[in-house]
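Side chains are part of it too, since the values below use all heavy atoms of this structure and drop only hydrogens, waters and symmetry mates.
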Amino acid sequence: MNWIPLNDTLVAEGLNAKEAAVVMESAEELPGICRGLAARIRSCVLAGGRAVLGGEDETYIPEALRGEAVAILRLRLLVRFALVVTEERKREAELAEQRLDAIARGEYPLPEDTVAASPTYHGRPQRWASPKHGGII
């Protein structure tokens, strides 16, 4: 699975030129917002139990979740900088949040997931018998 950094390049992808100019004027807040969203996405991927985290550092997210990251990041930035938020953008962010929740519950597999190792216990099943044999065979 390919991992991409969640940074200001995705901000430019999700906003129009006027909105991007306003956001980039206060660029000191942007890395913190990106790190917080990347942590949320990575925790959902890890909680799903179907994939192993990758990337070079904690800001990398699966490329398959790029659209979800852009939708959520766009809404957070528009609200933060008091810009116009349309119903369509709200709905896109809501759907992205729902998909992240589904990934965390393990209901939505990511492409090329590698299942994390988990312990498996094998043993002989118990069978019950008459009390003269002690109850268990």
Side-chain angles (χ1 to χ4, degrees):
M1 177 171 10
N2 293 333
W3 292 75
I4 58 170
L6 180 58
N7 54 23
D8 56 350
T9 58
L10 291 182
V11 172
E13 183 179 311
L15 301 173
N16 62 35
K18 183 179 171 184
E19 293 167 339
V22 171
V23 169
M24 292 303 173
E25 286 177 12
S26 300
E28 66 273 357
E29 295 179 31
L30 191 57
I33 295 170
C34 290
R35 274 194 313 274
L37 180 57
R40 162 120 165 77
I41 292 172
R42 289 173 68 88
S43 68
C44 288
V45 169
L46 190 60
R50 294 180 179 231
V52 177
L53 292 181
E56 297 174 17
D57 61 24
E58 69 275 354
T59 63
Y60 277 68
I61 62 169
E63 189 172 14
L65 297 177
R66 180 185 196 125
E68 286 77 8
V70 168
I72 295 169
L73 185 61
R74 176 178 50 219
L75 182 66
R76 288 184 182 181
L77 292 173
L78 292 176
V79 170
R80 169 76 61 132
F81 294 104
L83 298 170
V84 177
V85 179
T86 63
E87 288 299 319
E88 179 183 354
R89 288 179 168 180
K90 283 182 188 178
R91 182 70 182 143
E92 286 176 2
E94 182 181 308
L95 290 173
E97 290 283 353
Q98 289 174 1
R99 178 165 296 166
L100 288 180
D101 291 340
I103 290 170
R105 289 188 305 269
E107 298 171 358
Y108 185 85
L110 293 172
E112 301 173 19
D113 274 349
T114 55
V115 178
S118 63
T120 306
Y121 302 99
H122 299 282
R124 197 173 109 201
Q126 288 186 351
R127 294 188 340 207
W128 297 95
S130 65
K132 70 179 183 178
H133 295 292
I136 298 179
I137 298 179

Can you tell me if [atom1] on [X] sees more than 12 non-hydrogen neighbours from other groups inside 6.0 Å?
X: Arg35; atom1: CZ; result: no
X: Glu88; atom1: CD; result: no
X: Arg105; atom1: CZ; result: yes

Can you name the nearest heavy-atom pair linking [X] to [Y], along with the distance?
X: Ala71; Y: Ala93; value: O-CB, 3.8 Å
X: Pro62; Y: Val45; value: CG-CG2, 3.9 Å
X: Leu10; Y: Pro5; value: CD1-O, 4.1 Å
X: Leu6; Y: Ala69; value: CD1-CB, 4.0 Å

task: With side chain to side chain contact (heavy atoms under 4.5 Å, CB included) as the test, would you mind laying out the steps for Leu15 and Leu83 before giving the verdict?
output: CA-CA 11 Å; Leu15 301 173; Leu83 298 170; over 6 Å; no

message: What verdict does the side chain to side chain contact (heavy atoms under 4.5 Å, CB included) test give for Asp101 and Glu107, after you've listed the backbone C-alpha separation in whole Å, the side-chain angles of each residue and the deciding distance to 0.1 Å?
response: CA-CA 9 Å; Asp101 291 340; Glu107 298 171 358; over 6 Å; no

message: I want to check something: taking the side chain as every heavy atom from C-beta on, are Thr59 and Asn7 in contact at a cut-off of under 4.5 Å?
response: no

When rounded to the nearest 0.5 angstrom, what is the spacing between [atom1] in [X] and [atom2] in [Y]?
X: Cys34; Y: Leu77; atom1: SG; atom2: CG; value: 7.0 Å
X: Ile72; Y: Leu95; atom1: CD1; atom2: CG; value: 10.0 Å
X: Leu37; Y: Arg76; atom1: CG; atom2: CZ; value: 5.0 Å
X: Arg99; Y: Ile41; atom1: CZ; atom2: CD1; value: 12.0 Å

task: Walk me through it: do Ile103 and Leu65 pass the test side chain to side chain contact (heavy atoms under 4.5 Å, CB included)?
output: CA-CA 10 Å; Ile103 290 170; Leu65 297 177; 3.5 Å; yes

message: Taking salt bridge (Lys or Arg N to Asp or Glu O under 4.0 Å) as the criterion, tell me which of Glu13, Glu92, Glu19 meets it with Arg74.
response: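 The option that passes is Glu92.
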
message: Donor-acceptor check, side chain of Arg42 to backbone of Gly54, threshold 3.5 angstrom: yes or no?
response: yes

field: Presence of salt bridge, Arg91 and Glu94, under 4.0 angstrom
entry: yes

query: Stepwise, does the side chain to side chain contact (heavy atoms under 4.5 Å, CB included) test hold for Val23 with Asp8?
result: CA-CA 10 Å; Val23 169; Asp8 56 350; over 6 Å; no

task: Indicate if Ile4 and Leu53 have the same hydrophobic cluster label, given that clusters are the connected sets of ILVMFWY residues with side-chain heavy-atom separations under 4.5 angstrom.
output: yes

- prompt: Between Arg40 and Glu97, is a salt bridge (Lys or Arg N to Asp or Glu O under 4.0 Å) present by the stated rule, with each step listed?
  reply: CA-CA 10 Å; Arg40 162 120 165 77; Glu97 290 283 353; 2.6 Å; yes

